Amino acid sequence: MHDEAWNTVDRLVEWLDAESPVSPEVARLLRVLKITEEAGEVAEAVHGAFGSNPRKGASHTWEDVQNELCDVILTGMVALATIAPDAREVFAGRLEHVAGRSLPSA
């Protein structure tokens, strides 16, 4: 599944590159900024799941939150693949680093 996900991300990056009306430098910046936009949608969904906005009420479900979180992850993967040709290895190395400093030794 790991390779399948990254293969799909690579295809999405190729598609975005082919369809982009802006320079590669601007596209790279916009893809990184897109993460913030998607994170805002997670926040909106959480507020909606709690019904914390009296004007909107319960406008979202926890399934909506899950979907928005997936969008953040996917957007991050696309941004990483855009700026790092070896995105898979960069991510694997970072995951190992975080796990190594956070998880107890086996």
Side-chain angles (χ1 to χ4, degrees):
M1 180 62 185
H2 176 271
D3 283 338
E4 185 179 327
W6 279 110
N7 289 340
T8 301
V9 167
D10 290 340
R11 290 178 45 225
L12 286 167
V13 169
E14 289 174 13
W15 172 72
L16 287 167
D17 287 346
E19 297 295 322
S20 179
V22 298
S23 71
E25 295 80 16
V26 172
R28 185 169 23 188
L29 174 63
L30 292 174
R31 290 179 198 166
V32 172
L33 292 176
K34 180 77 172 166
I35 299 166
T36 303
E37 177 188 334
E38 295 295 341
E41 292 178 14
V42 172
E44 180 181 6
V46 169
H47 280 281
F50 276 111
S52 63
N53 183 334
R55 187 174 52 81
K56 293 182 180 180
S59 58
H60 292 76
T61 66
W62 286 104
E63 184 176 342
D64 294 327
V65 176
Q66 292 171 15
N67 290 334
E68 296 298 345
L69 285 169
C70 289
D71 289 350
V72 171
I73 293 164
L74 179 56
T75 302
M77 292 173 77
V78 166
L80 181 59
T82 298
I83 67 170
D86 57 342
R88 296 169 196 226
E89 292 79 19
V90 170
F91 181 78
R94 188 63 184 169
L95 181 60
E96 185 176 325
H97 171 78
V98 170
R101 74 172 188 218
S102 303
L103 300 175
S105 298

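Predicted, not measured: the structure shown is a model, and the values here were computed from it. When a residue number appears, it is its place in the shown sequence, counting from 1.
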Tell me, please, which residues at least two apart from R55 pass side chain to side chain donor-acceptor pair (under 3.5 Å). none

Would I35 and V9 show up in the same hydrophobic cluster when neighbours are defined by side-chain heavy atoms closer than 4.5 Å? no

Which residues pass the salt bridge (charged side-chain N to carboxylate O under 4.0 Å, His left out) test with D10, sequence neighbours left out? R88

Shortest non-hydrogen contact between A87 and A81, atoms and distance: CB-CA, 3.6 Å

Under the ring-ring contact (aromatic ring centres under 6.0 Å, His included) definition, can you give me all pairs with a residue in residues 34-57, not counting sequence neighbours? F50-W62

Please name all residues satisfying side-chain contact (heavy atoms from CB on, under 4.5 Å) with L30, sequence neighbours left out, ordered by chain then number. V22, V26

For K56 and E44 the tightest heavy-atom approach is NZ-OE2, 3.8 Å

Should R31 and I83 count as side-chain neighbours, where that means a heavy-atom distance under 4.5 Å? no

One should read off an interatomic distance between R101 CZ and H97 NE2, to the nearest 0.5 angstrom, of 4.5 Å

For atom CD of E63, is the number of surrounding heavy atoms from other residues, nucleotides or ligands below 6.0 Å larger than 12? no

For residues 72-80, tabulate all N or O donor-acceptor pairs below 3.5 Å that involve a side-chain atom, not counting sequence neighbours.
from: T75; atom 1: OG1; to: D71; atom 2: O; distance (Å): 2.6

So how far is it from W15 CH2 to L12 CG, rounded to the nearest 0.5 Å? 7.5 Å

As an exercise, state the distance from CG of L69 to CG of D64, rounded to the nearest 0.5 Å. 11.0 Å

Going by the rule salt bridge (charged side-chain N to carboxylate O under 4.0 Å, His left out), which residues pair with E38 if we only count those two or more places apart in sequence or in a different chain? K34

